[in-house]
Amino acid sequence: MKKYLWTFALSAIVLAGCSKKEEAAAPAPAPVASAPAAPVNAEEKVLNIYNWPDYVPETMIAAFEKETGIKVNYDTFETNEALNAKLVAGNTGYDIVVPGTSFSPSQTEAGFFQPLDKAKIKNYANLDPAIMMGLVKADPGNKHLVPWAWGFTTVGINRTKVEKALGKMPMPENAWDLVFKPEYTSKLKSCGIAYLDSPTEIIPPALHYIGKDAYSNEPADHKAASEMLAKVRKDVRIFRSTMIDDIAGGKACAVVGWSGDVNIAAGRAKENGSKDVIQALLPTTGALIFYDTMAITKDAKHPNNAHAFIDFYLRAESGAQVSDELSYPTGNLAALSKMKPEVSGNKTIFVDAEYAKKLVAPGKFTNEGRQSISNAYNAFKKGK
Ligand code: SPD
């Protein structure tokens, strides 16, 4: 029972930004044991997926291909900005894309996605109603988006290297100091500081750090965040969104990164024989939660195959495989009892109810806000 408490706390987080007027989540039928993949109609046996890197279990695509005979072309993008540019340009050629919820509201409103045919997604019932309720803000009526995974943007460290670089200086109470406060960054630059390379990944935590709304659309706030960041610019060595190898391989000891990727790096370092302790931290002031969701593009050439894949992905076993191998929760409630206890019990994957209250709910950027965030980020990045 205790294991599931976090879903209630989490629902409070995901609901935090919803106004009372917004629609309730579409009622989901009771969870079912995993149903077989939906039948695929006469459609070219191809499926084109565009997703984030390091976000799918190694054998999952091959298993889907074997079971359905559908050939999957799987490409990756590194930032929400990159995916958004493709969607705005149109004719992406992709059937399934995986936007984050800070971008998907405007993408949904712009009509980039087609409504899901839930009758073709038998395993939809496995989804956690609390998560689906949270997604209503990004997708009224839960018509277009299905969760791929969620996590939080936080500070990740190689504790062994960080403690060595800090010497006599104790670890700060607030982990964000390690990557945003000159007293710490000036010491940690020797073992490598890395930031995600995207305006909308760095300005929100910087805003949060200086006590402003992380999803502010106000240019004055962005300027303030950029000014704070300018003070540590010379200490940041790496800007990269796929930083797993940087952490695992010892090039970065303190990062602004995604919880699951830091955990993947920890596992990879261990496999490579490293004894260093690598951790995703839970800053005392909170971390920024995100949801990445599957959507079928409006001009998808293979919508039936896309539905079949979504159904396959929503099997309890698939959800458990994603969390077990990639350290991200998927929003699949039925998967919880099937995953390894050391994963479902890991507080940096499934945060406890107390910490869930500190997670900062995703916000919505306006087009003008995004432009201003991008200007602030570029000014900071160039200002070395
Ligand atoms: N390994 C890929 C992780 C994908 C993370 N998406 C993050 C979006 C955060 N805004």
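Note: hydrogens, waters and symmetry copies are ignored here, and every other heavy atom, side chains too, is used. Counting starts at 1 for both ligands and their atoms, in listed order. All of these numbers come straight from a predicted model, not from anything done at the bench.
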Looking only at protein heavy atoms, identify the closest one to atom 5 (C) of ligand 1 and say how far it is in Å.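 Answer, as residue, atom name and distance: Asp292 OD2, 3.4 Å.
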Looking only at protein heavy atoms, identify the closest one to atom 10 (N) of ligand 1 and say how far it is in Å.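 So the nearest neighbour among protein heavy atoms is Glu201 OE2, 2.9 Å.
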For atom 7 (C) of ligand 1, which of Tyr291, Trp258, Tyr328 has the closest heavy atom?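 Heavy atom nearest to atom 7 (C) of ligand 1 belongs to Trp258.
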Proximity of Ala149 to ligand 1 by residue part, where a heavy atom lies under 4.0 Å: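 Under 4.0 Å from ligand 1, Ala149 contributes no heavy atoms.
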Using 30° and 60° as the class boundaries, would you call the ring planes of [X] and [Y] parallel, tilted or perpendicular?
X: Trp150; Y: Tyr291; value: tilted
X: Tyr195; Y: Phe239; value: perpendicular
X: Tyr313; Y: Trp148; value: parallel

Identify the residue among Leu196, Ile238, Asp261 that makes a side-chain contact (heavy atoms from CB on, under 4.5 Å) with Met243.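 Per the side-chain contact (heavy atoms from CB on, under 4.5 Å) rule, the option paired with Met243 is Leu196, out of Leu196, Ile238, Asp261.
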Enumerated ligand 1 atoms positioned under 4.0 Å from heavy atoms of Asp54: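 Matching atoms, with element in brackets: 1 (N).
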Residues Asp197 and Tyr377: side-chain donor-acceptor under 3.5 angstrom: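 Short answer, yes.
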Mind checking whether Pro53 has a heavy atom under 4.0 Å from ligand 1?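 Per 4.0 Å heavy-atom rule, Pro53 contacts ligand 1.
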Can a cation-pi geometry be assigned to Lys86 and Phe77, taking NZ or CZ under 6.0 Å from the six-membered ring centre and within 45° of the ring axis?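 Ring-cation test returns no.
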Could you tell me whether Ser102 and ligand 1 have an N or O pair separated by under 3.5 Å?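 Checking ligand 1 against Ser102, no N or O pair falls under 3.5 Å apart.
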Purely on distance, is any nitrogen or oxygen of Asp261 under 3.5 Å from one on ligand 1?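 Right, the criterion is met.
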